[in-house]
Amino acid sequence: MAEIILEAKGVSKHFGGLKAVENVDMEIYRGDIFGIIGPNGAGKTTFFNICSGIYEPTYGEILFKGEPIRNLNPEQIARKGMARTFQNIQLFKNMTVFENVRIGFHIRTKTRMFDAIFKNKTYQSDEEFVNEESMKIIDKVGLSAYKNTMAGNLAYGIQRRVEIARALALNPDILLLDEPAAGMNPIETNNLKEFIIKLNAEGYTIAVIEHDMKFIMSLTNRLLVLNFGEKISEGTPEIVKNDQNVIEAYFGKGKIAGGENS
Amino acid sequence: MISNTFENVKKIYKKHAKIINIVLIILLLIIPRLMPNSYLMGIVCRILMYATLAGSLNIINGYSGQFNIGHAGFFLIGAYTEAILATTYGWSFWPAMIIAGIVTSIVGFLVSLPTLRLRGIYLAIVTLGFSEIIRIIALNWTDVTGGPMGIKGIPSPELFGFRISGPVDYYYIFLIVGILFLFITNRILKSRVGRSWISIREDELAAKSLGVEANRAKSANFMYGAFWAGIVGATYAPYYKFIASDMFTLDEGFNILAMVIIGGQGTLIGPFVGASIATLISEVFRFASQYRMVIYAILIIVMMWWRPQGLVGAYDSILAGDDKSLKKRKKSITQKVGDN
Ligand SMILES: Nc1ncnc2c1ncn2[C@@H]1O[C@H](COP(=O)(O)OP(=O)(O)O)[C@@H](O)[C@H]1O
Ligand SMILES: [Mg+2]
C-alpha cells in the first residue's frame with residue numbers, strides 16, 4: 001500500500017462552544033485524489049485550515065509525511081510541501097497573473113538582500129529560474145492569455161485557476177483545493193476536473209473540498225463526509241453514495257433538503 | 001488626468017531611459033553651478049533629504065503595508081549616532097554615517113519585534129510611542145546627548161579632501177545618498193525580497209501559505225527602512241551642525257508621513273514628489289509655520305478623498321489596478337483614517 005502522506009488523528013477545533021470540527025480521523029495516501037464533502041458549515045474549510053497550519057487544533061494531531069505538524073505555522077508547512085487554495089480566493093489582486101505565480105516560487109529560491117543589491121549569481125539564476133518556470137506553469141494552467149492582466153480583473157473561474165497555478169509553483173507534495181469549482185460554469189467545471197486528473201497523473205496528491213456531489217463522485221478515489229464537524233462516512237465514492245448517514249445528511253429523511261445550494 | 005500625464009511621462013521615459021537618465025544626472029550634478037544661491041540650494045537640499053527620508057518610510061508603509069508613524073525616532077537615532085561619534089569620539093563622517101545606519105537598523109529590528117503581531121492602528125501606536133520614548137531619552141540622557149542643549153559643533157564631512165559645508169556643496173552629499181538609496185532599493189524591490197514584502201502587503205495569509213516567512217520579512221523590511229532613515233539622519237546632523245531632541249518630535253514624524261501619503265505609497269518616485277510639495281508648501285507658508293500641519297491635514301484629507309493612492313501612487317507597474325480595486329483601497333484607507 002502507498003505511503004500515508006497526510007493523516008489526521010482525532011482532530012477537533014472548537015470556537016468557544018462551537019465544535020466546528022470534532023474528532024476527525026483521516027488518511028490521505030500518496031497519489032490520492034481525496035475528496036472532503038459535507039453541507040455548508042460542516043467544518044470542511046476549518047479542517048483544511050488546521051491541516052495547513054492556519055489554526056492549531058483544539059485536540060488531536062496532524063501528521064504530514066509522518067511528521068507531526070500541529071505546532072507549525074502556515075509558512076513552515078508550506079515549506080514542507082503542502083500548498084493550498086482558498087474558498088474565498090486570496091490572490092494578490094493588484095498584481096498580474098505572472099507576478100502572482102512568481103511569488104509562489106519563494107521557497108524554491110534563495111535570493112537575499114545582498115544578492116539582489118549586487119545582482120550576483122544567486123540573484124541571476126533565481127530570476128531566470130522563476131521567470132521560466134512561471135511561464136511554464138502559466139502555460140500549463142492555460143493562462144497565457146492573461147499573463148499580464150491584474151489578477152483582480154479576471155473572471156471568477158479564471159481567478160481560481162490563477163490560485164492553483166500559484167500553488168503549483170511550490171511544487172508541493174500535496175495540493176489542498178477548497179471548493180475550486182465554486183463560481184465556475186459547467187464547462188469550466190469540467191475542464192477543471194480534467195485538469196485535476198491530469199495533475200494527479202503527473203504525481204500530485206490532491207485533496208479537494210466540494211459540495212457538488214456529482215463533481216466529487218466522479219473525480220475522487222476516496223472521500224470523507226463531514227456533517228456538523230463530525231465524520232459521518234468515508235471510503236470510495238461507491239461506498240459513500242450508498243451510506244445511509246450520507247443520504248440523510250444530504251437529502252434529509254426522504255425529503256430533499258439544502259446541501260448543494262448555499 | 002494625472003494618471004494619464006503620469007502614464008505618458010512614464011512611456012516617454014521608458015522609451016529613452018538611458019538618454020534621460022544621463023541628462024538627468026548631468027542636470028542634477030550642475031544644479032548648484034546654475035543656481036549658486038544658498039537660499040534656493042537650501043530648499044533643494046531639504047527636498048532631497050526629505051525625499052530619501054520619506055522614501056525610507058515608504059519602504060515600510062508602502063511596500064510591506066505596515067503602518068509606521070514614528071519614523072522621526074529612527075531619524076533621530078541616525079542623527080545622534082553620527083553626531084556623538086563625530087564630536088565625542090572624533091570619527092570622520094563616512095564611517096560614522098554607516099554605523100549610524102546600522103545602529104538605526106538594529107533599533108528598527110527591536111521595534112519590529114513587538115509589532116509583528118500587531119496591525120494597523122495598534123502597530124501605529126507602538127511606533128508612535130517608540131518615537132516619543134527615543135526623543136525623551138535624547139532629551140534626558142544629558143551625559144551622552146547633551147540633554148536639552150543638544151549637540152553643537154558637529155564637524156562637516158570631507159569628500160575627496162574637500163570640507164563640505166553649506167547647501168551649495170552639501171547638496172552633493174544628499175544627492176549621493178539619494179541616488180544610492182534609489183539604486184539599491186530598486187534592485188531589492190525587483191527581487192524575491194521585494195516581492196515577498198509586496199505579497200505581505202497585498203494578502204498576508206496568502207503570502208504565508210506560499211511559504212513567505214511573514215514575520216521575518218516584516219522585520220527585515222523594518223530594518224531596511226530604518227537603516228536609510230538612520231543614514232539620512234546622519235547626513236542631516238553635520239549639515240545643520242547642531243541637533244537637539246526638539247527637531248525630532250512627532251510633528252516631524254507626521255511631516256514625513258504626509259510626504260509619503262501625498263506623493264503616493266508603493267512607488268519609488270512618490271515620496272520624492274511628496275517631499276517636494278511638502279517642502280515648497282512649508283517654504284511658501286513660512287509666515288504661518290504653525291499652520292503648516294493644518295495645511296498638510298487638509299491636503300491629506302483631499303488626497304484620500306480624491307486620489308487615495310497619492311499623486312503618483314502605485315498602480316502602475318506591478319501594482320497597477322483597475323477602478324474597482326482602487327475604490328476598494330479608497331474604502332480601506334478611509335476606514336484606516338476613520339480608525340485614527
Ligand atoms: N474563525 C472562526 N470563528 C468562529 N467560528 C468559525 C470560524 N471559522 C469557522 N467557524 C464556524 O465553524 C463552522 C464550520 O465552518 P466552515 O469550516 O467554514 O464550514 P464549511 O467549509 O464546511 O462550509 C461554521 O459554523 C462556521 O461559522
Ligand atoms: Mg468552506
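Scope of the values below: all heavy atoms of this structure, side chains included, with no hydrogens, waters or symmetry mates. Throughout, protein chains are lettered first and strands after them, A, B, ... in sequence-line order, and every chain is numbered starting at 1. Note that the structure is predicted; figures quoted are calculated from it, not measured.
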Enquirer: Under a 4.5 Å heavy-atom cut-off, does chain B meet the side chain of A:Phe98, its backbone, both or neither?
Expert: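 For A:Phe98, no heavy atom lies under 4.5 Å from chain B.
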
Enquirer: With a 4.5 angstrom heavy-atom cut-off, is it the side chain or the backbone of A:Lys119 that approaches chain B, or both, or neither?
Expert: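 A:Lys119 touches chain B through backbone and side-chain heavy atoms alike.
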
Enquirer: How far apart are the closest heavy atoms of B:Ser191 and A:Tyr123, and which atoms are they?
Expert: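 Taking B:Ser191 first and A:Tyr123 second, the nearest heavy atoms are CB-CE1, 3.7 Å.
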
Enquirer: Does the pair A:Phe92 and B:Leu210 meet the rule for a side chain to side chain contact (heavy atoms under 4.5 Å, CB included), with working shown?
Expert: CA-CA 12 Å; A:Phe92 307 120; B:Leu210 298 172; 3.8 Å; yes

Enquirer: For B:Ala220 versus A:Met113, what's the shortest heavy-atom pair and its separation?
Expert: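 Smallest heavy-atom distance, with atoms named: O-CE, 3.8 Å.
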
Enquirer: Counting only non-hydrogen atoms closer than 4.5 Å, does A:Ser52 touch chain B with its backbone (N, CA, C, O), its side chain (CB onward), both, or neither?
Expert: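 Nothing of A:Ser52, per the 4.5 Å heavy-atom cut-off to chain B.
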
Enquirer: Do the non-hydrogen side-chain atoms of B:Phe183 and A:Ile117 ever get within less than 4.5 Å of each other?
Expert: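 The answer is no; the side chains never approach within 4.5 Å.
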
Enquirer: Side chain, backbone, both or neither: which part of A:Leu91 has a heavy atom under 4.5 Å from chain B?
Expert: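 Backbone only.
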
Enquirer: Report the C-alpha separation of A:Glu75 and B:Arg216 in whole Å, then their side-chain angles, then the decisive distance to 0.1 Å, and conclude whether the salt bridge (Lys or Arg N to Asp or Glu O under 4.0 Å) test is met.
Expert: CA-CA 11 Å; A:Glu75 48 275 44; B:Arg216 212 196 252 189; over 6 Å; no

Enquirer: Is a salt bridge present between A:Glu127 and B:Arg195, judged by a nitrogen-to-oxygen distance below 4.0 Å?
Expert: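 A salt bridge is present here (some side-chain N lies under 4.0 Å from a carboxylate O).
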
Enquirer: Do A:Asn73 and B:Lys208 have side chains that approach each other closer than 4.5 Å (heavy atoms only, starting at C-beta)?
Expert: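 No. Closest side-chain heavy atoms not under 4.5 Å.
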
Enquirer: Which one, B:Asp203, B:Val193, B:Asn186, leads in non-hydrogen pairs under 4.5 Å with chain A?
Expert: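 Option with the greatest count: B:Asp203.
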
